[in-house]
Amino acid sequence: MQKPLQRTMINLAVASACGMLAMPGHAQQAPAEQPQEEVKTVTVSGSRIAARGFTQPTPTTTLSSADLDKSAKPNIFESLIELPALQGSTGRTTNTFSTSSGIQGLSSLSLRGLGTLRTLTLLDGQRVVGANVTGVTDVSQFPQLLVKRVDVVTGGASASYGSDAIGGVVNFITDKKFTGFKANVAGGETKYHDDKSGTLQAAWGKGFVDDRLHVTLSGEFTKQNGIDSPGFGQVGAGGRTWYNNPALQESTKDMQAAGLPRYRSIVNAQHIQYAKYGLITNGPLKGTAFGPGGTPYPFQYGTDCVGNFCIGGDRSGSVGAGTNLAMNFKRQVAYTRVSWDLDADNEIYVTGNWAQVTSAFSPNPGAAKQGNLSIRCDNAYLPASVAAGCASGYPSGVMSVGTANAEFPANINVHPTRTQRRLVAGANGKFKLFDKEWSYDAYAEHGENKTIIRVNDITLNPRYNFAIDAIKDPATGQIVCRSAAARAAGCQPINIFGDVPINMPGWNYIAPSNGPLQHTDSTQNVVSANINGDVAQGWAGPISVAFGAEWRREDYSVFGDPYGAGVALESPYTAAHPADPTLSTTGDNWFAGNYHNGKGAFNVKEAYVEFNIPFLKSATFGEANLNIADREEKYSTAGKARAWKLGATWQTPVDGLRVRAVSSKDVRAPNLSELFAAMTVTNQAVNNNQGQSIQIQQRNVGNPSLKPEEARNNSFGLVLSQPSWARNFNFSVDYYDIKVKNVISSLNPQQEVDLCYGGNQQVCSAVSINGPAGTNYVLAQSFNFASLHTRGVDFELAYRKNMGDFGLPGSVTLRGLASRMIHSISDPGVPGTTPIEGAGAMTGATPKWKAMVSQSWDGLLGGRLGLSLTERWISAGKFNNEYIECQTNCPLPTAAHPTIYDNHMPGAVYFDLGGNYNVNQQVTAYFKVDNLADRAPVLVPQTNLSLALNPAVYDSVGRTYRVGLRVNF
């Protein structure tokens with residue numbers, strides 16, 4: 001139960017001996033020798049307060065447009081994810097293995113490793129329509145050339161901005177009064193002559209009617225060609241040599257009982273359940289593979305064969321290397337802002353944004369079948385010797401075959417396209433009331449995002465099974481599909497035995513030209529108003545307040561093709577997907593990419609108030625202020641929610657030293673996907689409380705009864721800013737502790753059954769297993785059972801020195817950011833499970849240390865040349881913190897704590913070199929080399945052959961060169 005507000009504030013006040021400084025990103029902009037200017041009223045993204053001299057308690061890192069220019073990336077997103085606090089973000093190098101995740105090619109940000117769902121991304125302090133059903137925004141859809149700074153609020157900010165800001169807020173601030181013309185043209189490629197990129201950006205702004213009417217236009221185009229699949233075998237993409245078929249080899253139960261570890265990391269791994277063009281995996285013909293023309297030959301097994309893997313041998317059919325390292329990616333953005341000054345202090349405006357982001361990639365070559373094909377001995381494509389051996393050696397008349405399906409003429413390829421249309425009308429300005437000056441901003445937004453995912457060159461499982469089951473027609477002698485029903489529906493046979501050209505009518509039958517389709521429409525409508533100003537003059541300074549209200553509605557609808565989603569009103573048979581009686585009418589017919597239908601909506605009403613109260617102003621003890629905020633929310637689905645914040649800052653008597661602290665309650669309401677996910681159905685088995693196995697339908701579906709997640713976010717920091725003994729020096733250190741309860745997470749059917757028998761009535765409503773055979777089911781839903789706990793320390797340093805003091809030209813700027821993740825614990829909250837420590841687990845997104853340090857020397861060659869060097873460091877860690885490392889005398893492994901031979905994962909250091917040259921006042925040429933040493937990625941082996949990379953942590957692309965030209969008139 002929630003504590004009374006008075007008690008809560010007392011507890012928080014103890015923790016709030018505090019302070020803050022505008023971060024070094026601001027401080028490094030102007031030398032301390034400059035005369036101090038009058039302090040202006042500004043709004044910093046960690047607070048809604050805009051007041052002179054107010055320093056917020058919530059830590060905020062700022063990247064200016066100059067910082068972003070030095071990064072010289074094709075996409076601002078790629079600059080931001082290098083910040084240590086951003087961990088777990090998704091982009092064009094992540095999820096390249098996935099056909100059905102829905103987040104492929106989505107550039108979304110994650111703070112503290114808490115996930116993209118718990119990071120609120122804003123544009124000019126305003127919400128942006130989500131780019132998929134989870135509500136996550138796509139940064140690539142933002143107008144980036146006009147961004148003058150990005151504020152990264154590394155603390156809970158729900159009281160100021162609302163739901164989703166548990167990990168923090170990333171706020172993109174645009175130049176609203178840009179005047180003139182500027183453009184950016186850039187191109188690049190990797191050392192391996194792939195991932196070639198081109199960027200073209202232009203912006204224009206001008207004032208009319210005595211500068212009362214201001215018009216800004218911008219357009220952007222970026223194309224990155226990606227890194228194509230190298231195909232089958234132990235081979236690297238584009239000439240890269242670091243891929244060596246890594247895998248986790250699993251020992252047998254007898255080996256584990258003898259004290260050997262369950263897992264051992266191996267290289268040159270060979271999967272023994274399939275070969276490139278077919279392999280018999282059971283019976284007397286086991287080990288027979290098929291080569292050119294279908295000729296059978298003995299498969300060359302490797303050595304040290306345990307489980308599914310050997311070491312060495314024939315690896316030509318391996319599919320692990322075949323995933324794209326980076327997607328083919330294209331972004332197009334058009335943006336305009338038109339404003340009219342009603343007077344010197346008030347304006348009305350309209351902004352419009354159209355953006356389209358497309359990507360393309362191949363998740364894997366072929367479509368591997370791992371020894372799970374049942375081939376009859378009379379199959380017409382079997383060589384005579386194999387058919388005879390099958391007839392004599394397999395009494396059932398069936399043998400098992402695995403194949404990489406390398407004879408397929410094309411790899412599966414996925415094509416997501418996201419199109420955003422967004423219109424905002426608003427007003428902002430100042431007014432006088434009760435002899436006080438107040439500021440306001442208000443806006444109404446309508447945003448739409450259409451996501452279309454198409455998958456090409458992918459097979460329908462039933463048709464594939466019909467096509468490979470081929471016989472000779474007794475009447476004609478022609479090879480045909482065995483099933484008469486399939487033949488009547490157009491079945492054409494294919495030969496999967498050997499390196500032989502595929503029968504193209506058969507290929508067109510199993511992989512029709514119109515593959516899986518998902519069409520999602522997301523809509524967001526927002527009306528918001530905010531007012532702030534000084535309400536009274538306190539003895540230590542003006543007491544400021546900000547307050548406002550917001551109404552928001554979000555809805556979505558999604559439909560798939562009838563083969564994947566099932567035949568329904570939303571997904572009927574069409575000319576593109578005609579009726580086929582051999583396919584299931586309930587969907588899930590594709591090899592992958594079975595997209596289902598769904599829809600849902602919610603609305604929320606919310607209001608907030610925030611106060612800044614100076615309570616100390618003393619020449620002896622310094623200055624301090626208290627920052628308090630409260631937000632009340634009411635969701636049409638999840639009910640009421642509340643967020644609050646209590647923080648303080650103290651500018652101590654010590655020269656340049658401030659302290660800051662803040663404690664907050666933050667919330668994340670369930671998103672549309674969690675509430676209203678489209679149902680998918682699979683057949684499973686569960687055990688009841690008597691240990692009896694019961695066949696059920698696993699119905700994966702949303703849960704409209706979900707409640708908001710609630711987080712308690714505490715931070716404390718010290719800031720040293722430009723003391724008299726070290727001008728232009730800034731340093732901050734902040735400790736944070738975030739506990740999230742009621743975390744929304746999914747359970748598997750057996751967990752739900754066990755919880756129901758344990759007396760959990762909430763889960764029992766999703767379980768029905770006591771009925772007649774064929775009627776039993778479990779709704780596999782998300783529930784508010786789990787919890788998260790993360791804590792760590794952030795560091796930021798900046799120092800600028802005029803090199804004229806040493807008789808050298810220009811100035812040098814040093815900047816460093818680092819995050820130390822102490823804990824990142826996830827607790828499923830389910831009996832029989834244990835909490836999982838994610839800090840330092842290198843298969844996740846939260847290394848123990850992540851740092852970025854840069855050195856810039858500007859003003860060389862008469863002020864024309866600037867150079868910069870950046871080091872990015874990832875600390876070493878473990879494969880998984882829950883694993884027990886041992887070589888001999890190992891304890892028996894458990895599901896929660898498996899044993900492993902070597903649990904160590906190395907870290908990495910990357911060097912980036914950049915420079916710019918001012919040709920004249922209007923034209924600047926620049927270059928950038930990322931991963932200068934071409935540091936190869938650390939391989940992360942899996943229990944199946946895969947690319948074995950973690951691009952959320954390690955650089956997977958390699959050395960990349962870019963050059964460009966900026967003009968500004």
Side-chain angles (χ1 to χ4, degrees), residues 23-31 61-84 86 144-145 147-150 152 184-188 190-191 197 199 728-731 795-806 808-818 850-874 908-919 923-935 955 957-968:
M23 293 303 291
H26 297 295
Q28 69 184 42
Q29 300 299 316
T61 295
T62 294
L63 292 182
S64 67
S65 59
D67 297 324
L68 298 171
D69 286 347
K70 286 182 178 179
S71 180
K73 304 281 190 180
N75 190 339
I76 287 181
F77 169 81
E78 296 180 16
S79 301
L80 293 175
I81 59 175
E82 293 179 351
L83 294 177
L86 282 153
Q144 299 184 3
L145 186 62
V147 171
K148 66 179 182 181
R149 80 172 196 268
V150 180
V152 181
N184 175 42
V185 181
T190 71
K191 166 189 172 181
S197 65
T199 298
N728 289 323
F729 175 80
N730 299 274
F731 175 76
F795 304 87
E796 183 164 357
L797 177 149
Y799 177 67
R800 186 177 182 184
K801 181 64 177 177
N802 189 333
M803 299 304 289
D805 296 345
F806 305 103
L808 298 172
S811 61
V812 169
T813 301
L814 307 178
R815 189 174 190 185
L817 300 100
K850 183 180 178 182
M852 182 174 69
V853 180
S854 64
Q855 307 86 40
S856 300
W857 194 338
D858 298 304
L860 299 169
L861 298 182
R864 291 178 177 266
L865 178 65
L867 296 173
S868 64
L869 179 66
T870 301
E871 299 83 35
R872 295 176 282 132
W873 174 55
I874 305 295
V909 179
Y910 305 100
F911 297 90
D912 306 330
L913 176 66
N916 59 81
Y917 181 79
N918 298 324
V919 179
V923 180
T924 300
Y926 63 91
F927 76 92
K928 183 74 182 301
V929 183
D930 288 333
N931 195 354
L932 184 66
D934 194 32
R935 172 70 160 82
D955 185 307
V957 173
R959 184 190 304 154
T960 302
Y961 307 95
R962 283 187 294 275
V963 295
L965 199 69
R966 299 188 185 96
V967 297
N968 196 336

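When all heavy atoms of Asn918 and Gly863 are compared, the closest pair comes out as ND2-O, 3.5 Å. Closest of all the heavy-atom pairs between Ala851 and Pro84 is CA-CG, 3.9 Å.
Proximity of a side-chain donor or acceptor of Asn931 to a complementary backbone N or O of Tyr910 within less than 3.5 Å is not detected. In terms of modelled atom types and a separation under 3.5 Å, the side chain of Trp857 and the main chain of Pro809 share a donor-acceptor contact. Under a 3.5 Å cut-off, the side chain of Lys928 and the backbone N or O of Asp912 do not form any donor-acceptor pair. Side-chain N or O atoms of Glu78 include none that pairs as donor or acceptor with a backbone N or O of Lys73 at under 3.5 Å.
Here the straight-line distance linking atom CG of Asp67 with atom CG of Leu63 works out to 5.5 Å at 0.5 Å rounding. Annotation: the span from Leu86 atom CG to Lys850 atom NZ amounts to 6.5 Å, rounded to 0.5 Å. In this structure, the separation between CG on Asn802 and CG on Leu808 is 10.0 Å, given to the nearest 0.5 Å. From Leu814, atom CG reaches atom CG of Asn728 across 11.5 Å, with rounding to the nearest 0.5 Å. The distance from atom CE of Met803 to atom CG of Asp858, rounded to the nearest 0.5 Å, is 12.0 Å. Rounding to the nearest 0.5 Å places CZ of Arg872 at 13.5 Å from CG of Leu817.
Under the rule for a side chain to side chain contact (heavy atoms under 4.5 Å, CB included), the partners of Leu932 that lie at least two apart in sequence or sit in another chain are Phe911, Leu913, Val929. Applying the side chain to side chain donor-acceptor pair (under 3.5 Å) criterion to Asp955, with sequence neighbours excluded, gives no partner residue. In this structure Arg962 satisfies the side chain to side chain donor-acceptor pair (under 3.5 Å) test together with Asp930, sequence neighbours excluded.
Residues Gln855 and Val812 fail the side-chain proximity criterion, which asks for heavy atoms closer than 4.5 Å. Looking at heavy atoms from C-beta onward, Lys801 lies in side-chain contact with Phe806 at the 4.5 angstrom threshold. In this structure, Arg815 and Glu796 have side chains that are in contact, with non-hydrogen atoms separated by less than 4.5 Å.
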